[in-house]
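See below for the structure under consideration.
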Amino acid sequence: MSNTESETQTETEASDSLITTDVETGSNGRSAPSNRTAVAARDLNVFYGDEQAIDDVTMEIPENRVTALIGPSGCGKSTFLRTINRMNDMIEVCRVEGDVEFGGKNVYDDDVDPVALRRKIGMVFQKPNPFPKSIRDNVAYGLKIQGFDGDVDERVEESLKGAALWDEVKDQLDSSGLDLSGGQQQRLCIARAIAPDPEVILMDEPTSALDPVAASKIEDLIDDLAEEYTVIIVTHNMQQAARISDRTAVFLTGGRLVEYDDTTKIFEDPEEQRVEDYITGKFG
Amino acid sequence: MATDTDTARIEGFGEVSRVRGIIFEYLSLGASVLGIFALAVLLVYVTIDAFDLAGTSPLWLLTYFVTLVVPFLAFCLYSARDREVTRRAVTVAGGGLVAVAAVFTAIETFVGQIPRLNWQLAYLFVVVAPLTGYLVYMGARGRPGAVGFGLVGRLIGGAAIGLAFSVLFLVFDERLWFLAYTLGIVPGLFAYAYGQLRNSSTAVTAALPVSLVGVVLAVFVRDVLRTYPTTTFIYLWTLAIPIAAAGALVVNARGSRTAALAAGGVPLALAAVVGLFGRAIGLGVGGPNALLVIALAGVPVAVYLHRVFDVGEGVTGLGLPVLLVGGALAGALVVETFGIPTPNSWVSGTFLTEAPSRNARDAGLYPAIVGSVIIIAMVAVLSFVLGVATSVFLEEYTADSGVVGALTRLLQINIANLAAVPSVVYGLLGLGLFANLLGFGFGTAVTVSLTLSLLILPITIISAQEAIRSVPDDLRRGSDAMGATRWQTTKNVVLPEAFPGILTGTILALGRAIGETAPLIMVGAATTVFSAPSSLFSKFSAMPMQIYAWANFPQAEFRYGVVAAGVITLLTILVGMNGTAILLRNRAERGS
Ligand SMILES: Nc1ncnc2c1ncn2[C@@H]1O[C@H](COP(=O)(O)OP(=O)(O)OP(=O)(O)O)[C@@H](O)[C@H]1O
Ligand SMILES: [Mg+2]
């Protein structure tokens with residue numbers, strides 16, 4: 001970073017704060033980078049009918065790291081996320097070409113059961129969507145449908161602690177998950193996603209419906225989650241991407257992956273002018 | 001009117017005509033008021049006929065008004081605890097009395113005689129009945145009122161369900177049920193409970209197959225086994241004990257173990273003693289049906305009592321049943337001592353428990369009531385199960401595009417059209433398909449129930465589809481993303497959310513099925529049967545059929561008194577059933 005730092009700073013005054021935040025937290029979180037790949041896309045093309053939403057994307061997402069996907073609206077971030085756990089199968093017009101490897105196996109192979117795949121990959125949606133059940137039943141949902149044989153209550157407690165929600169709800173586990181605030185609901189959804197102990201957690205703009213305080217709680221949480229899980233997060237918030245992620249992938253319109261590198265590199269010294277323009281808010 | 005002030009305020013900008021809106025508003029208001037008024041007048045006359053109120057002495061009315069109605073209204077006022085409400089009630093009751101008497105006398109003198117009405121009755125219907133409704137509503141919002149009505153509701157509802165069960169066992173073989181319960185359901189429940197306690201999912205999954213095997217086994221053992229326990233014992237073992245256990249579990253979950261034992265044990269012991277020995281020790285009641293009624297009313301009441309005392313609010317409300325029974329007894333005592341002539345009501349104990357007769361005074365509705373209850377139960381189960389299954393299939397399982405999608409749309413249009421087919425046509429279908437082709441017989445309960453289920457199936461399907469569609473997609477995606485299969489998502493997320501809506505549709509549709517006569521006539525249901533059906537394939541009648549038959553009798557007594565009594569019975573059962581279903585639905589809505 002040292003040799004290009006001055007150049008970046010002079011070029012883009014506006015991004016100063018971004019860069020500083022990034023330097024402070026983005027790199028200090030976790031130990032030496034793991035070389036293992038959790039998810040890899042190879043020559044991935046996704047179409048909705050005739051319209052192409054992902055254009056020839058190849059990328060490797062490292063294990064136990066936070067990878068952020070950023071880019072302007074409609075560039076295919078959510079689509080990319082959904083190809084990983086095959087939620088695109090539910091959309092009838094959607095067609096996927098190329099490979100998405102998870103644990104060394106192409107998830108689009110014929111012998112892969114998408115339901116079994118999704119049990120290894122948790123997902124958190126943009127809008128909190130707890131089930132209209134008790135908090136306990138919400139967290140235990142994955143365990144129930146997977147026929148979990150162990151101590152459910154213990155796992156519920158662990159997951160709620162993992163989602164930094166336990167202290168707030170430990171006395172009201174039997175009340176409805178819908179009675180919680182938006183931020184609490186989103187953490188409940190995170191607890192629900194981690195309860196069956198998946199390997200990867202996908203998050204599609206998990207904080208965009210929340211106020212800054214609730215959002216920052218979830219950001220802290222994501223930082224902790226990366227100790228155990230591979231987190232792939234879509235966000236429209238540059239500061240957020242800079243603060244919490246280790247790697248950042250920038251998609252631009254048409255579903256092309258323009259640049260994918262360490263977060264520090266992307267935010268300080270992007271190779272592509274378009275990426276810099278996007279990050280600094282010149283377009284997008 | 002809001003529109004008037006709006007017009008005034010924007011005068012400075014010119015006028016915007018609201019004439020059409022206002023005309024429409026008043027026309028629709030007038031139409032609905034007219035409709036409700038006509039219905040009310042009809043109901044008033046039916047009630048007068050059914051209870052022979054026209055021939056009632058005003059003294060008799062006054063007695064019960066003082067001993068029963070006034071204390072009840074006072075209870076409602078006490079519960080509402082609102083000066084404003086009390087003031088309004090007193091004004092309406094007093095002012096209404098003067099107004100009704102004056103208007104009535106004026107009409108009688110200047111316009112002409114009003115048939116079969118006097119001012120006391122008019123006062124009863126025009127002032128007391130609506131006032132009671134209003135006060136019940138206000139009273140139920142206070143704690144004592146809510147508690148009192150809750151208690152009375154559980155007493156009446158439990159007893160009604162107990163009676164409905166005993167009616168169903170007239171045609172369903174209780175010995176087969178005994179075997180199926182003992183060999184299938186009990187072991188299955190044990191496996192399930194064991195699995196839950198020990199966290200063993202194998203035991204939980206084994207529960208259903210175990211039950212099914214047991215039920216199948218029961219069918220084979222039924223004819224092999226020679227000796228069976230008495231019906232009373234069968235009801236005790238298969239119904240009273242599990243209900244008591246469920247009640248005890250509910251109380252136990254709320255806290256105390258001793259209270260749980262009492263809440264389950266006391267009603268159970270009472271039911272068992274009365275059921276087994278009631279006749280022998282000279283109680284006058286006893287036998288299997290008494291056992292069912294006591295158990296089904298007693299356990300919910302005991303559970304409710306525990307909760308009321310636990311919460312400790314509105315305990316005085318528990319006196320409501322005492323107040324009502326005491327009021328009725330006091331009224332009867334006064335009537336007895338002073339020799340006040342009692343009205344010769346057509347609706348009476350014998351009317352509900354006797355068979356039809358040539359003699360109007362002896363005529364009863366019992367076989368038709370039994371027939372209707374059995375038909376309603378079967379139609380409810382059939383149309384609910386079929387309706388839910390079809391709508392789940394259409395909404396959750398079929399694709400939107402391609403050949404399957406086109407087929408689904410075709411099916412969809414057909415279902416919508418079927419809802420508009422006249423019921424006579426369904427009758428014809430039932431006659432051809434169920435009675436002739438499948439050989440279920442003319443006018444048997446099976447044929448009638450299947451035909452009526454078919455008749456309301458489109459309505460149930462469409463409303464269930466609507467309810468399923470209104471479940472947000474977010475929830476489905478959330479469940480899918482957890483790795484739930486489509487069936488798991490449907491069962492755990494979609495159906496619980498859609499349940500209240502599905503129930504609403506089914507209730508509405510059932511209301512239609514109960515009142516139908518045309519398809520019943522088509523499939524050959526009898527207008528009159530003289531004994532209650534003993535199997536699903538014996539000749540049946542239903543309440544609307546019997547009422548229709550009576551309406552054609554030459555004697556005026558039948559055409560007015562007995563028909564009115566029949567209509568009142570039919571309406572009471574219908575309203576009671578719908579009311580229960582709506583309460584259950586509201587509870588499900590709140591619970592989720
Ligand atoms: N279900 C669908 N059917 C058809 N086209 C779709 C569907 N979902 C997305 N698309 C199209 O695919 C493209 C990418 O959409 P996607 O939702 O992946 O974008 P995104 O990057 O997540 O945008 P945003 O930041 O606004 O969420 C868009 O052009 C969109 O119109
Ligand atoms: Mg998106």
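Every chain is numbered from 1 and lettered A, B, ... according to where its sequence line falls, protein lines coming before strand lines.
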Discussion item. For the interface with chain B, which of Arg82(A), Met87(A), Met123(A) has the highest count of heavy-atom pairs at distances below 4.5 Å?
Written reply: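 Max contact count across the listed options: Met87(A).
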Worksheet entry | salt bridge (charged side-chain N to carboxylate O under 4.0 Å, His left out) involving Glu60(A) - partner list, sequence neighbours excluded |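 So Glu60(A) forms a salt bridge (charged side-chain N to carboxylate O under 4.0 Å, His left out) with Arg42(A).
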Fill in: Results of salt bridge (charged side-chain N to carboxylate O under 4.0 Å, His left out) for Asp174(A) - residues two or more places apart only
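So Asp174(A) forms a salt bridge (charged side-chain N to carboxylate O under 4.0 Å, His left out) with Arg136(A).
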Worksheet item: Do the side chain of Asn129(A) and the main chain of Asp474(B) share a donor and acceptor less than 3.5 angstrom apart?
Response: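 Such a contact is found between Asn129(A) side chain and Asp474(B) backbone.
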Worksheet item: Which pairs with one or both residues in residues 179-206 of chain A pass salt bridge (charged side-chain N to carboxylate O under 4.0 Å, His left out), sequence neighbours excluded?
Response: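 Of all non-adjacent pairs touching residues 179-206 of chain A, those that pass salt bridge (charged side-chain N to carboxylate O under 4.0 Å, His left out) are Glu168(A)-Arg187(A).
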Item to complete: Determine the minimum heavy-atom distance between Pro130(A) and Leu475(B), stating which atoms define it.
Response: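 Smallest heavy-atom distance, with atoms named: O-CD2, 3.4 Å.
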Practice prompt. Report the residue from Arg477(B), Arg476(B), Arg486(B) that forms a side-chain contact (heavy atoms from CB on, under 4.5 Å) with Met90(A).
Written response: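 Of the listed options, the one satisfying the test is Arg477(B).
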Worksheet item: So do the side chains of Met482(B) and Arg119(A) get within less than 4.5 Å of each other, counting heavy atoms only?
Response: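 No, too far: nothing below the 4.5 Å cut-off.
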Worksheet item: Just wondering, do Val493(B) and Tyr141(A) contact through their side chains at under 4.5 Å, heavy atoms?
Response: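 In contact.
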Worksheet item: Does OH in Tyr192(B) sit with more than 12 non-hydrogen atoms of other residues, nucleotides or ligands closer than 6.0 Å?
Response: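 12 or below, so no.
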Discussion item. Suppose a student defines contact as a heavy atom less than 4.5 Å from any heavy atom of chain B. Which residues in residues 156-166 of chain A would they list?
Written reply: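 Against chain B, none of the residues of residues 156-166 of chain A fall inside the cut-off of heavy atoms under 4.5 Å.
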Discussion item. With rounding to the nearest 0.5 angstrom, report the CG to NZ distance, Asn492(B) to Lys133(A).
Written reply: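 Interatomic distance, Asn492(B) CG to Lys133(A) NZ, rounded to 0.5 Å: 5.0 Å.
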Worksheet item: So which of Thr205(B), Thr485(B), Asp480(B) has the largest heavy-atom pair count under 4.5 angstrom toward chain A?
Response: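 Going by pairs under 4.5 Å, I would pick Asp480(B).
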